[in-house]
Amino acid sequence: MNKFLNVLQGVCYILIVIGAINWGLIGFFNFNLVEAVFGIGTTATRIVYDIVGIAAIISVILTIRYTIENREY
């Protein structure tokens, strides 16, 4: 199970980086890469945003869990 969580964390990290790059492109160049690839307002665009958001939530949960389990008192 620990290997699964490591893979999950890695996949989530990659998705978060992709989301961060997209936000950087929006902020600096007013260019939305996701909408350019999948189309403005399409279901696919919304799914990509949903997956990146879920990845961020999972990453936060796993980070909190790891931090709590590895505290030294």
Side-chain angles (χ1 to χ4, degrees):
M1 180 89 166
N2 196 14
K3 184 174 181 167
F4 170 75
L5 292 178
N6 289 338
V7 171
L8 180 63
Q9 184 71 28
V11 170
C12 288
Y13 180 74
I14 291 168
L15 290 170
I16 291 167
V17 169
I18 290 170
I21 290 170
N22 190 53
W23 276 108
L25 289 171
I26 292 169
F28 287 117
F29 305 110
N30 198 24
F31 176 73
N32 190 332
L33 183 62
V34 175
E35 288 183 353
V37 171
F38 295 105
I40 298 173
T42 63
T43 303
T45 301
R46 185 168 177 109
I47 290 170
V48 170
Y49 291 141
D50 291 344
I51 290 171
V52 171
I54 291 168
I57 292 168
I58 290 171
S59 186
V60 167
I61 291 168
L62 292 176
T63 301
I64 290 170
R65 180 179 170 198
Y66 176 80
T67 303
I68 290 171
E69 288 177 356
N70 293 306
R71 279 193 182 170
E72 292 185 24
Y73 295 100

Trainee: Calculate, to the nearest 0.5 Å, the distance between atoms CD1 and OG belonging to I14 and S59 respectively.
Mentor: 11.5 Å
Trainee: Going by the rule side chain to side chain contact (heavy atoms under 4.5 Å, CB included), which residues pair with I64 if we only count those two or more places apart in sequence or in a different chain?
Mentor: V60, I68
Trainee: For residues V11 and I51: do they belong to one hydrophobic cluster (side chain heavy atoms under 4.5 Å, members Ile, Leu, Val, Met, Phe, Trp, Tyr)?
Mentor: yes
Trainee: The criterion is side-chain hydrogen bond (donor to acceptor under 3.5 Å, both in side chains); which residues satisfy it with T63, sequence neighbours excluded?
Mentor: none
Trainee: Could you grab the distance from atom OG1 of T45 to atom OH of Y49, nearest 0.5 Å is fine?
Mentor: 6.0 Å
Trainee: Got a second to check how far L62's CG is from Q9's CD, nearest 0.5 Å?
Mentor: 5.0 Å
Trainee: Does I61 sit in a hydrophobic cluster with other residues, and if so which ones, taking ILVMFWY side chains as linked at heavy-atom separations under 4.5 Å, directly or through other members?
Mentor: I57
Trainee: Do any pairs count as a side-chain hydrogen bond (donor to acceptor under 3.5 Å, both in side chains) and have a residue in residues 10-21, sequence neighbours left out, and if so which ones?
Mentor: none
Trainee: Tell me if a side-chain donor or acceptor on T42 pairs with a main-chain N or O of F38 at a distance below 3.5 Å.
Mentor: yes
Trainee: For residues 15-30, which side-chain donor-acceptor pairs fall under 3.5 Å, sequence neighbours excluded?
Mentor:
from	atom 1	to	atom 2	distance (Å)
N22	OD1	L33	N	2.9
N22	OD1	V34	N	3.4
N22	ND2	N32	OD1	3.2

